[in-house]
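Because the structure is a prediction, the values reported are computed rather than measured.
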Amino acid sequence: MSSVSLVHVVQDIDSGLFLCPCDGDVGFTKLLKDAGPFDDVESAIETAMFIVGPHFTVFSFYRVACIN
């Protein structure tokens with residue numbers, strides 16, 4: 001069985017780096033696979049405005065997790 005959820009990832013347009021939220025803090029990563037997903041778009045935008053400023057983009061996509 002699998003579970004599907006909508007997640008959001010933020011990319012800084014100027015640097016090309018992705019935000020990586022972890023344990024209440026936010027870092028940056030070069031790789032999309034290491035980017036931290038946000039569960040809702042509002043949190044992604046709010047965090048991006050605070051950390052990056054106005055030059056960011058949010059990608060939204062479905063994540064599929066296999067549940068055994």
Across all chains, not counting sequence neighbours, the side-chain contact (heavy atoms from CB on, under 4.5 Å) partners of S43 are F38, D40
Note: A35 and V9 closest approach over all heavy atoms is CB-CG1, 3.6 Å
Side-chain atoms of residues 12-20: list all donor-acceptor pairs with protein atoms under 3.5 Å, sequence neighbours left out, distances to 0.1 Å.
| unit_1 | atom_1 | unit_2 | atom_2 | d |
| --- | --- | --- | --- | --- |
| D12 | OD1 | D14 | N | 2.8 |
| D12 | OD1 | S15 | N | 3.4 |
| D12 | OD2 | S15 | OG | 3.3 |
| S15 | OG | L17 | N | 3.2 |

Only distances under 3.5 Å count here; give the side-chain donor-acceptor pairs of residues 48-66 to other protein atoms, sequence neighbours excluded, each with its distance to 0.1 Å.
| unit_1 | atom_1 | unit_2 | atom_2 | d |
| --- | --- | --- | --- | --- |
| S60 | OG | H8 | ND1 | 2.6 |

query = Side-chain heavy atoms under 4.5 angstrom apart, residues restricted to Ile, Leu, Val, Met, Phe, Trp, Tyr: same cluster for V7 and F28?
reply = no
